[in-house]
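First the proteins, then the strands, lettered A, B, ... as listed; each starts at 1. FYI, side chains are in, hydrogens and waters are out, and symmetry mates aren't considered; it's all heavy atoms of this structure.
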Amino acid sequence: MSETKAPSNFIRQIIDRDLAEGKNDGQVATRFPPEPNGYLHIGHAKSICLNFGIAESYGGSCNLRFDDTNPEKEEDEYIQSIKQDVQWLGVQWNGEERFASNYFDQLYDLAVGLIEKGLAYVDSLSPTEIAEYRGNFTTPGKPSPYRDRSVDENLALFEQMRDNKLDEGEAVLRAKIDMQSPNISLRDPILYRIRKKTHHQTGDKWVIYPMYDFTHPLSDAIEGITHSLCTLEFEDHRPFYDWVVENTAVPASPRQYEFARLNLNYTVTSKRKLKQLVDEGHVDGWNDPRMPTISGLRRRGYTPASIRTFCESVGVSRADSVVDMGMLEAAIRDDLNQYAPRAMCVMNPLKVVIENWEEGKEESLIAPVHPQNESMGTRQVPMTREVYIDREDFREEANKKFKRLVLGDRVRLRYGYVVRATDVVRDAQGEIVEVRCTYDPDTLGKNPENAEDQGKMRGVIHWVSAVKGLPCEVRLYDRLFSAANPGKGLEEGQSFLTHINPESLTVLDECWVEPGLRGALAETRYQFEREGYFCVDQDSTEERLVFNQTVGLRESWPKEA
RNA sequence: UGGGGUAUAGCCAAGUUGGUAAGGCAGCGGGUUUUGAUCCCGUUAUUCCCAGGUUCGAGUCCUGGUACCCCAGCCA
């Protein structure tokens, strides 16, 4: 996964130092711990690349662990999709996938241990009372009247919680730390709550579930994780993470380190918002090609390698940042440019008739599959009297900067002959429906000798035979949101949804692609020359190909063309 | 407002004990080119949030400010 040396970042420096000091017996163990409550997105890819990348370069291991402590939000569908996405990204987790729920028995015992040490108690305050007693930023919390229950009473009550003798909200188990702490997450954080809900892994075995803050350090310790990497918002929880590790009988002392989560402009990377886009039908599912989900990027045509190099290029730091979408696009262009087979596809067809080309004559032109990689071989492109070119590639008149077909001037049909536009045919509305041309038979593989006398030679354009080409559908995508930071700067009551770009999807259903692509399988990627990178969509059929535009080619146009 | 963090180019981001600002993306100029692509060459911070201070020397140390982010779920 790393041809290049992984770049320096503060986490690698910490690990280097730990190793130099002989910590953890020289071992490095990380984990990627998603909650199965949604699909993975590009932000998770950053975490995956970080955790698995570190494990790989230090000869360590990385576990895949589902943080499944809240049966209310989780589903098996998400577990399956997460496993598939992680695999697709090309990393391999250590052994079988783990579940925090695998440790529920141990966690329960550890909680009992805390009660026995007088470090945890059952609180019978109501949820609203607990919030009131917690205080706020300026007001310290105050102790619950139940804070000083005896160990025996706590033990009995916790058992009642577990044995389904109490109702939801009637009691919680809390750590006894410091209700006055300026760090609110230390004001007797809740360890267990009652949730009478069937769990996707443990079924109805439990009616009490441990909280993330209690579960995570223990799961890490149980699995022998050495470096537990999470995002910045958990910074305030680190003292409690350490408290849990110190005060329970666990076999290891993992350490938590926080890094800044990935933000991309013109999109959202919050599970809540992505779920809303799906649930309300603003997009066509989690794998809609406009979604920043792993499955969406995949369907869009992104490769695992491009996502990995992107993650490497954005680096890992503790500074809040918003990465430009252009970086992601640069990564996929760079990857695909190297090996994507080239093909010609006309998306807005305009018929061209070559008047001096014999009726019915067909010629097979030879074109390289890749201009810089001869080993990819050649392909055959049929040439006929009638071909399609893109409407954008023809103008009745244009200045010299326009390097395409202009009435009276010449242009090369890529891999074929030089043609000259002689006339146009219009329909009743006056719209051009056809361009009449002549071709120079002596220009295959060589340039015309007569310079300007037949009109200016302007450039090279792509085309597809009107009789041999394959009709197809092409889906063009634009950014999902029209604002760099969706939802920002709006009035009260407006949500990020008001920034959805109404033109994020354009379906072109009268496109023509060269016949060699017949039968191409879903996810096959091409560069449509002069247009961009495209991949075959899963909606394709034998009869009709459907392509998704992954990304356009880089464009450097003279300003006033 | 109490606590915890972060500030280096348009966007990410390196910068080890203070020694004279990496790299990528984007941009700009030029060359090659049967893709306005690719590739190649060159260029882009006298300056590191601001103000003082220490020092022969500060992005790195000290002092004081400013801006932004996170925390008051029985979510993760």
For atom P, what is the distance between B:rG15 and B:rU32, given to the nearest Å?
41 Å
On the side chain of A:R412, is there an atom forming a donor-acceptor pair with the base of B:rU34 - under 3.5 Å, no angle test?
yes
Touch class at under 4.0 angstrom, heavy-atom based, for A:P371 against every strand present:
base
Charged tip of A:R479 within 45° of A:Y266 ring normal and under 6.0 Å:
yes
Which pairs count as salt bridge (charged side-chain N to carboxylate O under 4.0 Å, His left out) when at least one residue sits in residues 124-136 of chain A, sequence neighbours excluded?
none
Which is true for A:V322 with a 4.0 Å heavy-atom rule: it touches a base, it touches only sugar-phosphate, or it touches nothing?
sugar-phosphate
Is the ring pair A:F496/A:F481 parallel, tilted or perpendicular, if the boundaries are 30 and 60 degrees?
tilted
Taking the P atom in each of B:rA51 and B:rA13, what is the distance between them to the nearest angstrom?
24 Å
Is the distance between the ring centroids of A:H216 and A:F234 under 6.0 Å?
no
Map every base of RNA chain B to its dot-bracket character, where paired means a Watson-Crick or G-U wobble contact with both distances under 3.5 Å and | marks a partner outside the strand.
.((((((..(((......[...))).(((((.......))))).....(((((..]....))))))))))).....
Show which side-chain atoms of residues 363-372 of chain A pair as donor or acceptor with protein atoms under 3.5 Å away, not counting sequence neighbours.
unit_1, atom_1, unit_2, atom_2, d
A:E363, OE1, A:Y417, OH, 2.9
A:E363, OE2, A:Y417, OH, 2.6
A:S364, OG, A:Q380, OE1, 3.4
A:H370, ND1, A:Q372, N, 3.0
A:H370, ND1, A:N373, N, 3.2
A:H370, NE2, A:N337, O, 2.8
A:H370, NE2, A:Q338, O, 3.3
A:H370, NE2, A:R342, NH2, 3.0

Verify the ring-centre separation between A:F66 and A:F99: is it less than 6.0 angstrom?
yes
If you measure from the P atom in B:rU63 to the same atom in B:rC68, how many Å do you get, rounded?
24 Å
Could you check whether A:R554 gets within reach of a base, just the sugar-phosphate, or nothing at all, counting any heavy atom under 4.0 Å?
sugar-phosphate
Residue list, ring-ring contact (aromatic ring centres under 6.0 Å, His included) with A:F214, at least two apart or on another chain
A:Y192
Please tell me if A:R404 has a side-chain N or O lying less than 4.0 Å from either OP1 or OP2 of B:rG36.
no
To the nearest angstrom, the CG-P distance between A:N447 and B:rU34 comes to 7 Å
What distance, rounded to whole Å, do you find between the two C1' atoms, one in B:rA37 and one in B:rU20?
41 Å
N or O in side chain of A:T69 less than 4.0 angstrom from B:rC75 OP1/OP2:
no
So which protein N/O to nucleotides 70-74 of chain B N/O distances come out below 3.5 Å?
unit_1, atom_1, unit_2, atom_2, d
B:rC74, OP1, A:R134, NH2, 3.0
B:rC74, OP2, A:R134, NH1, 2.9
B:rC74, OP2, A:R134, NH2, 3.4
B:rC74, O2', A:R195, NH2, 2.8
B:rC74, N4, A:L125, O, 3.3
B:rC74, N4, A:P127, N, 3.3
B:rC74, N4, A:G169, O, 3.0

Contacts of A:Y39 meeting ring-ring contact (aromatic ring centres under 6.0 Å, His included) (sequence neighbours excluded), chain-then-number -> A:Y78, A:W286
Nearest 0.5 Å, what's the OH-CE distance between A:Y108 and A:M161?
9.0 Å
Quick check for you: among B:rA37, B:rC12, B:rU38, whose closest atom lies nearest to any side-chain atom of A:N337?
B:rU38
